[in-house]
Number of protein chains: 2
Amino acid sequence: MYLRTVNDSKMAGRPKIFDEKEVVEKAVNVFWTKGYETASADELLEAMGIGKGSFYLAFKGGKKELYEKSLRQYANRFDKQLLHDLSVSEDPIQLIRDFFMALADDPKSKQMKGCYIGNALVQLSDGDADTKLIAAGLLASVEGIFTDVIRKAQAEKRLKNKAKPEVLGKYLINLWNGVNVTRRSNPGYEHLREVLEMSLQVLS
Amino acid sequence: MYLRTVNDSKMAGRPKIFDEKEVVEKAVNVFWTKGYETASADELLEAMGIGKGSFYLAFKGGKKELYEKSLRQYANRFDKQLLHDLSVSEDPIQLIRDFFMALADDPKSKQMKGCYIGNALVQLSDGDADTKLIAAGLLASVEGIFTDVIRKAQAEKRLKNKAKPEVLGKYLINLWNGVNVTRRSNPGYEHLREVLEMSLQVLS
DNA sequence: TCCTTTTTGTACTAATTGGTACATAATAAT
DNA sequence: ATTATTATGTACCAATTAGTACAAAAAGGA
């Protein structure tokens with residue numbers, strides 16, 4: 001026995017007018033710009049293009065379930081993209097350097113929004129400890145990817161720095177978190193690039 | 001002509017039963033643990049120990065004015081303390097190092113709360129752009145203190161690193177922002193100390 | 001066609017939100 | 001004592017919140 005989550009053509013009953021992944025993606029946009037608490041259910045439904053009936057049938061957990069699914073969906077897409085880029089890269093360490101340096105080139109609108117997952121950590125109150133834990137796990141996943149790249153590069157002597165890969169991985173996630181807060185206060189600040197270059201000295 | 005904001009003994013009328021700075025300080029605690037949106041007016045008044053009548057008379061701008069005042073009051077106290085500690089220190093650079101390393105020793109409860117000012121940057125939605133700007137300014141003030149210390153230490157040859165003081169100042173604020181997010185996801189993580197040591201290598 | 005199943009849209013609700021109105025209390029000045 | 005002034009506590013309110021109830025719609029299968 002398994003749960004049918006989508007409306008395949010052989011299923012009886014009125015057909016769904018929306019694709020779950022697609023509407024979750026639209027919810028990401030609302031949550032990202034407005035924050036979890038500030039994004040109202042009406043606003044989300046409006047953006048998702050569905051009514052309350054459909055929504056509360058598909059997302060029994062309401063707003064919270066939608067948010068958690070949006071976190072996971074966003075992070076999974078992010079991880080997959082990063083892993084793919086790394087897999088086809090000649091120089092994974094350089095790719096990570098470029099990845100961070102690109103933060104300085106983002107448009108102001110993106111600079112103001114921060115990291116979708118990191119925002120959850122800071123915006124959720126103690127009452128949503130479980131959701132916070134999910135976000136923490138998703139960030140840890142990215143950290144793990146960094147750590148693996150570093151461990152491999154050290155083994156291949158492509159990275160001089162001999163610090164523990166776990167520490168370097170956490171250092172990078174910490175840098176990520178920092179930049180995504182710092183950018184908000186002064187988007188496009190000219191010194192950001194130099195700060196990033198200084199911070200990435202450890203990757204050599 | 002000037003505005004009288006406090007109830008000095010020569011003023012007519014019923015005397016205030018509270019001190020504004022004190023109740024703002026209590027509001028800081030609520031905002032810090034619950035976040036701006038999630039902290040309800042009732043909850044704040046309860047913690048402040050005053051009724052609605054008194055509150056909306058003293059804080060005409062309501063919850064928002066209270067929050068902005070709490071940000072400024074917190075930051076001013078922080079700045080004063082830091083400047084004082086620096087003024088009596090034999091080795092200001094070492095003081096900054098200790099300041100950051102102390103982040104790893106905070107109790108779990110404090111680790112989870114983040115930076116009071118940084119939280120504002122991440123928690124406020126676009127509708128509160130003005131308040132966000134205030135928070136950005138307060139962080140910039142701390143950054144300025146760091147920058148001055150670094151500039152002076154370089155001039156006195158007590159700091160080998162010859163990078164621009166402005167860049168190092170922003171580097172440190174960025175480190176601060178990062179740690180205050182990272183800690184939330186894994187308070188007391190054993191690698192945090194090593195990450196801090198790695199990050200503070202630039203201060204030598 | 002008629003029954004079953006699933007989705008949809010709308011009307012509704014109970015609770016909470018930040019904020020206001022206003023009568024009363026407590027003080028200083030006259 | 002009376003008046004002017006300021007602060008307080010309480011009752012109230014309009015708007016918004018997330019969420020529910022339910023009848024109608026749209027499909028497949030018999």
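Chain A is the first sequence line, chain B the second, and so forth, proteins listed ahead of strands; every chain is numbered from 1. Please read all numbers here as calculations on a predicted model, not as lab measurements.
Looking at heavy-atom distances under 4.0 Å, A:I17 makes contact with sugar-phosphate atoms alone, never a base. Among the heavy atoms of the strands lying under 4.0 Å from B:F18 are primed sugar atoms or P, OP1, OP2 only; no base atom is included.
Annotation: cation-pi geometry satisfied between B:K63 and B:Y36 (NZ/CZ under 6.0 angstrom from ring centroid, within 45° of ring axis).
In this entry the distance linking NZ of B:K34 with P of C:dG18 reads 11 Å, nearest Å. Between the CZ atom of B:F55 and the P atom of D:dT10 there is a distance of 17 Å, rounded to whole Å.
With C:dG18, D:dT8, D:dA24 as the choices, the nucleotide that has an atom nearest any side-chain atom of A:R14 turns out to be D:dA24.
Using a 4.0 Å cut-off, no side-chain N or O of B:K52 falls inside it from OP1 or OP2 of D:dG9. In this structure, B:Y56 does not reach the C:dT20 phosphate: none of its side-chain N or O atoms is under 4.0 Å from OP1 or OP2.
The base of C:dG19 does not come close enough to the side chain of B:K63 for any donor and acceptor atom to sit less than 3.5 Å apart.
The neighbour count for B:K152 NZ, taken as heavy atoms of other residues, nucleotides or ligands under 6.0 Å away, does not exceed 12.
Between B:F146 and B:W176, the ring centre distance reaches or exceeds 6.0 Å.
Checked by atom type and distance alone, the side chain of A:Q154 pairs as donor or acceptor with a backbone atom of A:A163 at under 3.5 Å.
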